[in-house]
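The figures that follow rest on heavy atoms only: side chains count, while hydrogens, waters and symmetry mates do not.
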Amino acid sequence: MTRDNPIERVRNIGIIAHIDAGKTTVTERILFYTGRTYKIGEVHEGTAVMDWMAQERERGITITAAATTADWNGHRINIIDTPGHVDFTVEVERCLRVLDGGIVVFDAVHGVEPQSETVWRQADRYQVPRICFVNKMDRVGADYWRTIDMIAERLDAKPLPIQIPMGSESEFEGVIDLIEEQAWTFPPGRDEGPVSAPIPAELADEAAKHRDRLIERTAEVDDQLMISYVEGHEVTTTELKKALRRATIANLATPILCGAALRNKGVRPLLDAVIAYLPAPNEVPPVTGTHPETGEPLERRADDDEPFCALAFKIVSDPYVGRLAYFRVYSGHVSEGAAVYNTAQGEKERFGRLLRMHANSREEISDVYAGDIAAAIGLKNTFTGDSLCDPANPILLESITFPEPVVSRSIEPKTKEDQDRLGESLHRLVEEDPTFRTRYDEETGQTIISGMGELHLEVIADRLQREFRVEATVGRPEVAYKETITRSAKAQGRFVRQTGGHGQFAVVDIEITPLERNRGFDFIDATRGGSVPREYVSAVKAGVQQALETGILAGYPVLDVAVSLVDGQHHPVDSSELAFRNAGILAIREVLKRAEPVLLEPIMRLEISTPDNFFGDVLGDINSRRGQVVGVEPRGKLQIISATLPLAESFGYTTDLRSLSQGRATHSMEFDHYKQVPAEVAERVAGGRVAKPARA
């Protein structure tokens, strides 16, 4: 079979932004205007197609990334609407990994907000070309030009406004297209298209000034346009569009548009901009990977005739069809029932049914091609970040890295029946969400669930009850502390057991060294002369890793350390992998005592928007919670406070802030870094929890 639309007419885009900037509202309008839906869904009414989960409709926020497909002017647009809340940042991370372009939505009143910065940095990391849509131009306090200045300053971007607004707040009536040199107004009826008209005389000079500025700034990043500009040739519309497209795809500039999605203003021109400036799959660099056995660098071009290569980026437990794996095809094509190779797991898999998703509804398809985003049933051993490829041409793509959970809660089933279902249900949720973890605490006999925030774990508990029919009691939130060391130290671990037959004998000498924050764990084999035989080194490493899972201060994981195996002893008969593993555990127990361990706590980045008259109270409250104010910025009648706050002091902050400000202050919070806990707090934390030694 051949594909139903050429690859150059495909766009894979994500819609990303801070919470409440209007991502889902923009997506709903796109679906309506492209004919994908016949009725516009509204977030505030709980009728948005893309917010299909009960938890999303109740809270009015996006929780899980939803994929859909729409057609516009002969182009196929695969769209992923992502969450804006920091607790669900994993959804943005994995979607940006597989997308070719993005629409970043900004609130014209608040401009660049903290989560806007986070998603922008994520897009930078994956080098995703972007266009920006400044939304809510009809709201009181909307300021298009201030938002553009913030994009340049806070995001270190090169914004190029290709539209300017006609009016703002309640006077916002349309936009002037600087490239086509025409005005667009938007009639109130949903079904009426935008109306094109000449630029109003009173705005002609301003439009001409901004168009000249657009040409000048585009020429700074595009050599071809620079030649025309320097030589004084008149720049045509076509020439300017091509130059802007090249600059956008090369991530040298970002086109800016504006509108008011809730009032159906500016969405059609935004769709035109997606086609005009964001890349097709064959216009981005080929995907790179390595050969799973030789490590040789490989690449795959976005071409149907190349060997098949895809990345699974999301696993979903669907109540109707079972386990669904979302995947992006980078090269080649595959049909229903085809056998593929999962290079990450080293397993052969077989595609069952292939599906094109529209939020939570499905459309069966028989084939997928380079550039497509689809879902498959039947991939039993495939997980988020796994590479799928042609068995004859294996390639291992770079996986997706996810942040560590920062909040934990205990969860206890109410009945024996619930107990039986809880384990399986949690396992399915862990498969879906790589930032959700679960473990059994042998000391307390409790199951502990960990996630990115209070809301994250609330939603998990709600899903357990509704989707999986598990009734459970969830405990109070707890901070996911970590432990690390402050100095290097050496120690020996001896595991010697004599029994009637073969004994157990292993001796290891290790050195532990602190690493910079967020470096994780390194293991170095520095032995000489075979003092520890090669086949036992991996057993020592396994024992070291096991022991580091429970530190000696309060039983929390130890991170940011390098462990070197420097020497050891073995016995030709009595040595075994088990003996060396246990020797590694004993050595870590001893060396941690000598390395001056300290406790680390997660620090959150906080941004608060408060009216002037509550400023002092809000500031005092931050200081009382061990917070530190980083900066204050006046914005109209509001004060924007940037601060850092220990996660332990942040529980219940939303309620307290509402009380302090009569409900008028708002805030956003996201994880920033780990920091050493003050001595008196460390003593309280360690005293309240007995250290749990690693078991040999």
Side-chain angles (χ1 to χ4, degrees), residues 101-106 108 111-112 120 129-135 137 142-168 172-186 194 196-259 265-279:
I103 299 172
V104 187
V105 182
F106 295 97
V112 176
W120 192 274
R130 279 145 275 177
I131 59 178
C132 296
F133 183 68
V134 180
N135 192 25
M137 284 298 301
D143 192 330
Y144 182 60
W145 299 108
R146 190 194 70 223
T147 301
I148 288 173
D149 289 342
M150 291 175 77
I151 291 170
E153 290 163 17
R154 289 199 180 186
L155 305 179
D156 197 23
K158 192 179 181 76
L160 298 181
I162 62 173
Q163 292 177 348
I164 61 172
M166 293 195 291
S168 67
F172 177 66
E173 55 179 334
V175 299
I176 293 173
D177 185 328
L178 299 177
I179 295 176
E180 301 283 355
E181 295 185 276
Q182 61 185 7
W184 291 102
T185 56
F186 305 95
S196 170
I199 296 172
E202 66 274 16
L203 293 172
D205 288 346
E206 186 185 354
K209 180 187 78 175
H210 284 297
R211 189 175 197 274
D212 288 344
R213 178 78 174 130
L214 172 63
I215 293 170
E216 180 187 323
R217 297 200 69 203
T218 306
E220 289 172 4
V221 292
D222 185 79
D223 292 342
Q224 291 183 46
L225 191 67
M226 176 61 85
I227 294 167
S228 296
Y229 182 73
V230 170
E231 293 179 355
H233 299 158
E234 186 180 342
V235 176
T236 65
T237 298
T238 304
E239 203 177 351
L240 181 54
K241 273 189 170 179
K242 286 182 176 177
L244 199 53
R245 180 179 180 80
R246 288 191 295 268
T248 305
I249 292 174
N251 271 308
L252 298 173
T254 309
I256 313 287
L257 301 91
C258 62
K265 296 180 177 181
V267 177
R268 284 183 174 96
L270 178 64
L271 276 166
D272 292 336
V274 166
I275 304 303
Y277 307 118
L278 292 180

Would you say the side chain of D143 lies within less than 4.5 Å of the side chain of S168, judging by non-hydrogen atoms? no

For I164 against Y144, the heavy-atom pair lying closest together: CA-CE2, 4.1 Å

Could you tell me whether a side-chain N or O of R211 sits under 3.5 Å from a main-chain N or O of L178, the two making a donor and an acceptor? yes

As an exercise, state the distance from CD1 of I199 to CE of M166, rounded to the nearest 0.5 Å. 9.0 Å

Kindly say whether C258 contributes a backbone atom to a donor-acceptor pair with the side chain of Q163 at under 3.5 angstrom? yes

Taking all non-hydrogen atoms of both residues, which atom of P255 and which atom of R130 are closest, and how far apart? CD-O, 3.6 Å

R154 vs W120 side-chain heavy atoms within contact, under 4.5 Å: no

Can you name the nearest heavy-atom pair linking S196 to Q182, along with the distance? OG-OE1, 3.1 Å

State whether K241 and E180 are salt-bridged, where the test is any N-O pair (Lys NZ or Arg NE/NH1/NH2 against Asp/Glu carboxylate O) under 4.0 Å. yes

Applying salt bridge (charged side-chain N to carboxylate O under 4.0 Å, His left out) to K242 and not counting sequence neighbours gives none

Pairwise side-chain contact, F133 with P269, heavy-atom cut-off 4.5 Å (strictly under): no

Please report the interatomic distance CD(E216) to CE(M226), rounded to the nearest 0.5 Å. 8.5 Å

Step through the shown structure and confirm whether more than 12 heavy atoms of other residues, nucleotides or ligands are within 6.0 Å of CD on E202. yes

Of all the heavy-atom pairs spanning I151 and C132, show the shortest one and how long it is. CD1-SG, 4.4 Å

Which distance, rounded to the nearest 0.5 Å, do you find between the NZ of K158 and the CG of N251? 13.5 Å

Sort and list the pairs that fulfil ring pair (Phe, Tyr, Trp, His ring centres under 6.0 Å) and have at least one residue in residues 197-219, not counting sequence neighbours. W145-H210

For R245 versus L278, what's the shortest heavy-atom pair and its separation? NH1-O, 3.3 Å

Taking T218 as the fixed residue, which of I162, I179, L240 is the one that meets the side chain to side chain contact (heavy atoms under 4.5 Å, CB included) rule? L240

Hey, what do you get for CG (L160) to CG (L257), rounding to the nearest 0.5 Å? 11.0 Å

From I256 atom CD1 to I131 atom CD1, the distance as rounded to the nearest 0.5 Å: 9.5 Å

For Q224, side chain to side chain contact (heavy atoms under 4.5 Å, CB included) partners two or more places apart: D222, R246

Do you know the tightest heavy-atom contact between A183 and P198? CB-O, 3.8 Å

How many angstroms lie between CD1 in I176 and OG1 in T185, if you round to the nearest 0.5 Å? 11.0 Å

What I'd like to find out is whether the side chain of L270 reaches to under 4.5 Å of the side chain of I103, using heavy atoms alone. yes

Set out, in order, the CA-CA distance, both residues' side-chain angles and the distance that settles side-chain contact (heavy atoms from CB on, under 4.5 Å) for V112 and F106, then state yes or no. CA-CA 7 Å; V112 176; F106 295 97; 3.8 Å; yes

Salt-bridge test for K265 and E173: reply yes if a basic N is under 4.0 Å from a carboxylate O, no otherwise. no

